[in-house]
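All remarks here apply to the structure that follows.
Any value given below was found using the heavy atoms of this structure, including those in side chains, with hydrogens, waters and symmetry copies removed. Letters go in sequence order (proteins before strands), and every chain restarts at 1.
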Protein chains: 2
Amino acid sequence: MASIREVAKLANVSPSTVSRVINGTANVDEEKKRRVLKAIDESGFTPNEVARSLFKKSSKTIGVIVPSITNPFFTEMSSAIEKTANEYGYRMTICNTSGNVEKEKNAISMLTSMNVDGIVITTSNQELKKILENCETPIVAIDRVISKNTAGGYIHCDNYEGGRIAAQHLIQNGCKSIVCVRGLESISSARERYQGYLDVCTEQGIREQSIRCDYSFTEGLTMTEKLLEEFPDVDGIIACNDMVAISIYKVLCRRGIRVPEDIQLVGYDNISLAHLMTPELTTVAQPIEKMGVKAVKMLIRKETKGYKEYIFSPELIIRETTK
Amino acid sequence: MASIREVAKLANVSPSTVSRVINGTANVDEEKKRRVLKAIDESGFTPNEVARSLFKKSSKTIGVIVPSITNPFFTEMSSAIEKTANEYGYRMTICNTSGNVEKEKNAISMLTSMNVDGIVITTSNQELKKILENCETPIVAIDRVISKNTAGGYIHCDNYEGGRIAAQHLIQNGCKSIVCVRGLESISSARERYQGYLDVCTEQGIREQSIRCDYSFTEGLTMTEKLLEEFPDVDGIIACNDMVAISIYKVLCRRGIRVPEDIQLVGYDNISLAHLMTPELTTVAQPIEKMGVKAVKMLIRKETKGYKEYIFSPELIIRETTK
DNA sequence: TTTCCTTTTGAAACCCGTTTCAAGATGTTT
DNA sequence: AAACATCTTGAAACGGGTTTCAAAAGGAAA
């Protein structure tokens with residue numbers, strides 16, 4: 001691979017001049033510029049990004065740390081991040097952690113030592129609080145809060161309101177026995193959604209019924225079985241996310257339970273699959289793309305000094321799994 | 001951020017010694033080693049990966065270039081790649097190209113100038129042939145071939161056989177009017193699958209019927225409408241992938257057409273959603289994970305000198321959308 | 001023609017971890 | 001005690017762009 005010094009030799013100028021031609025950082029004599037461009041072309045030179053970022057302390061990269069790269073919520077978010085990053089001349093690199101603290105720590109130190117210009121992270125581990133506070137790289141937490149007022153940004157959608165919306169919708173639709181398939185207690189967004197559901201229940205004098213479930217569809221499957229056993233009179237289910245809603249639907253269907261006639265079902269997130277599945281899934285939409293876009297903008301504009309919170313509003317999308 | 005020279009000063013040794021302690025590349029006096037470790041701990045030093053990879057010409061990273069990061073086939077593949085890469089002490093960075101040649105070229109030059117240790121690419125653009133041939137970084141094409149015998153590896157699943165399997169299954173199940181929703185002509189894997197379908201049709205004296213469709217579910221939706229208009233007597237559909245199969249199912253369902261009673265449907269890929277959807281999707285499985293794992297192994301073991309082809313076998317997974 | 005200002009240019013330092021090389025230290029053999 | 005082998009260690013060079021700084025060159029004003 002040709003280096004800038006070889007190009008310089010070919011064009012009979014100094015490396016500095018070549019650098020100036022490449023980056024347009026200073027005026028260069030037209031004749032020399034032509035020679036340099038010719039030399040670059042002939043040698044097939046491409047500037048070495050590593051050397052560049054070593055000096056610049058910037059790699060024009062946004063790092064994304066997520067608990068799963070197969071979960072559509074995160075891929076749709078990452079997709080938006082990547083697209084936006086590209087628009088601003090940045091790349092994206094994804095790290096998958098499976099929610100594992102060690103992997104998260106690794107990912108952070110890896111990304112910072114790669115000179116990424118910003119990190120978007122979705123995590124629930126309180127342990128990371130100190131690390132993130134001492135991290136010089138701009139960081140925004142997305143979807144899940146690590147700790148309010150920790151340095152960095154926090155982008156989320158009003159989960160409490162989302163939980164309320166879902167519960168209210170089912171009650172309005174005549175449900176008397178609503179079960180909330182709540183996410184893990186450790187996940188802030190899941191706790192908030194549950195709280196929204198709970199408050200509506202107490203306000204309306206409806207019994208609280210819930211069951212815990214992580215965000216995977218395998219667990220969605222087994223938890224639905226358990227749910228039906230524990231709450232045989234259930235007529236409305238709020239799922240912790242759309243993937244789980246899909247698996248709940250599968251089990252109900254298998255059991256011959258009709259949706260929405262016997263049980264009404266509402267998901268959460270509005271991933272594109274919610275619209276694509278049959279029947280189409282009623283769900284509480286989060287503006288997934290907008291959240292990703294906002295995260296990138298905050299990072300690039302360096303709006304993460306101190307603590308910056310940005311809250312989006314959820315929206316109920318009524319489709320076919322509720323009346 | 002502390003540098004190795006600061007650590008050296010703190011520990012009262014030379015930077016070389018610090019480097020040797022970090023990497024265990026040479027014996028270091030126990031007492032000095034202790035001082036160095038103490039200094040590292042106190043200063044919170046982490047080696048700068050950029051400087052490291054500048055010298056080493058390796059970033060311990062595998063680059064992945066895919067046409068979409070929301071398509072489950074690619075995310076499941078990337079997930080396997082990431083997991084395997086991690087096991088070998090490598091990271092993964094994903095580039096999304098939307099099938100755009102310019103973005104693909106950019107991604108390649110970006111990744112090589114980042115000193116990635118290997119590239120996994122899924123592309124159909126013949127234009128890249130020369131670039132890939134001249135690329136010093138090990139490359140493996142996955143799923144789609146760029147050109148046989150081009151330098152690098154090529155990992156795929158026998159698509160011709162997959163097309164045959166799907167067609168044979170439908171014929172055995174009594175289908176008389178089978179429509180192949182074939183993928184884009186530009187995509188080698190799609191061409192091969194179609195060829196498999198076609199050959200079975202001629203062998204069995206069945207009429208060839210097909211319609212083109214890209215791998216997005218939006219097009220899947222509109223193409224199904226067109227399909228039903230053009231082939232009103234259709235009783236079997238082979239989809240170019242599972243996502244399209246899901247959208248085909250949606251349209252059929254909407255029209256009141258029963259699956260599998262009126263029309264039998266077989267997908268392709270066996271993404272995890274195929275199992276999760278209701279009804280469960282009969283599909284031709286590709287060993288997505290194994291393909292990803294193999295790609296990483298080939299790259300890390302530097303088995304890509306010359307041309308290395310590795311073919312997996314497809315497998316019919318009979319579920320609920322066929323009789 | 002001299003002086004001053006502006007522009008262009010290359011040498012060298014810089015970013016920071018790694019490695020080579022040779023010197024210094026320690027130990028062993030004869 | 002001399003000669004030799006082995007280990008430990010730091011100085012310096014390296015990788016490849018970028019930037020600073022000062023010199024050189026060109027142009028304009030006096």
*Do the side-chain N or O atoms of Thr17(A) get closer than 4.0 angstrom to the phosphate oxygens (OP1, OP2) of dT9(C)?*
no
*So does Glu31(A) pair up with Arg34(A), basic N to acidic O under 4.0 Å?*
yes
*asked:* Without decimals, in angstroms, what is the distance between Leu54(B) CG and dC16(C) C1'?
replied: 9 Å
*Between dT18(C), dT19(D), dG10(D), which one does the side chain of Ser14(B) approach most closely?*
dG10(D)
*asked:* dT8(D), OP1 or OP2 - any side-chain N/O from Asn27(B) closer than 4.0 Å?
replied: yes
*Give a yes/no on whether any side-chain N or O of Asn23(A) is located under 4.0 angstrom from OP1 or OP2 of dG17(D).*
no
_So, under a plain 3.5 Å distance rule, would you say the side chain of Arg5(A) forms a donor-acceptor pair with the base of dG17(D)?_
yes
*Select one nucleotide: of dA11(D), dG17(D), dG17(C), the one nearest the side-chain heavy atoms of Asn48(B).*
dG17(C)
*Rounded interatomic separation in angstrom, taking CG from Asn12(A) and P from dA11(C)*: 11 Å
*For Asn115(B) and dG17(D), give me the distance from atom CG to atom P, rounded to whole Å.*
10 Å
*May I have the distance from Lys9(A) (atom NZ) to dG16(D) (atom P), rounded to whole angstrom?*
12 Å
*Position toward the 5' end of DNA chain D (nearest nucleotide), Asp29(B) or Phe55(B)*: Asp29(B)
*Please give, in whole Å, the distance from dG16(D) P to Ile40(A) CD1?*
16 Å
*Closest nucleotide of DNA chain D for Ala26(B) versus for Val50(A): which of these residues is on the 5' side?*
Ala26(B)
*asked:* Taking 4.0 Å as the cut-off, does a side-chain nitrogen or oxygen of Lys57(B) come that near to OP1 or OP2 on dG15(D)?
replied: no
*Parallel, tilted or perpendicular: which describes the rings of His156(A) and Tyr154(A), with under 30° parallel and over 60° perpendicular?*
parallel
*Examine the side chains of Asp214(B) and Ser216(B) and answer whether a donor and an acceptor come within less than 3.5 Å of each other.*
yes
_Closest listed nucleotide, where the reference is the side chain of Val13(B) and the choices are dG16(D), dG10(D), dT8(C)_ = dG10(D)
*Residue Ile4(B), side-chain atoms from C-beta onward, closest of dT8(D), dG17(C), dG15(D)*: dG17(C)
*Looking only at side-chain N and O atoms, does Lys32(A) come under 4.0 Å of OP1 or OP2 in dT9(C)?*
yes
*Is any NZ, NE, NH1 or NH2 atom of the basic residue among Lys60(A) and Glu49(A) found under 4.0 Å from an Asp or Glu carboxylate oxygen of the other?*
no
*Ser16(B) side-chain proximity, nearest of dT18(C), dT18(D), dA11(D)*: dA11(D)
_So for Arg20(A) and dG10(C), does any side-chain atom that can act as donor or acceptor lie under 3.5 Å from a complementary atom in the base?_
yes
*asked:* For a quick check under 3.5 Å, do Arg91(B) and Asn106(A) share a side-chain donor-acceptor pair by atom type?
replied: no
*Shortest side-chain distance from Ala51(B), nucleotide among dT18(D), dG17(D), dG17(C)*: dG17(C)
*May I have the distance from Glu49(A) (atom CD) to dT18(D) (atom P), rounded to whole angstrom?*
9 Å
*asked:* Of the options dG15(D), dT18(D), dT20(C), whose atoms approach the side-chain atoms of Ser19(A) most closely?
replied: dT18(D)
*Could you tell me whether Val28(A) contacts a base, only the sugar-phosphate backbone, or nothing, with contacts defined as non-hydrogen atoms closer than 4.0 Å?*
sugar-phosphate
*Would you check, one step at a time, whether the test salt bridge (Lys or Arg N to Asp or Glu O under 4.0 Å) holds for Glu289(B) with Lys83(B)?*
CA-CA 10 Å; Glu289(B) 277 193 35; Lys83(B) 205 172 145 215; 5.3 Å; no
*Select one nucleotide: of dT19(C), dG17(D), dT8(C), the one nearest the side-chain heavy atoms of Thr25(B).*
dT19(C)
*asked:* Under 4.0 Å, counting only non-hydrogen atoms across every strand here, what does Ser3(B) touch: a base, just sugar-phosphate, or nothing?
replied: sugar-phosphate
_Can you measure Met114(B) atom CE to dG16(D) atom P for me and round it to whole angstrom units?_
17 Å
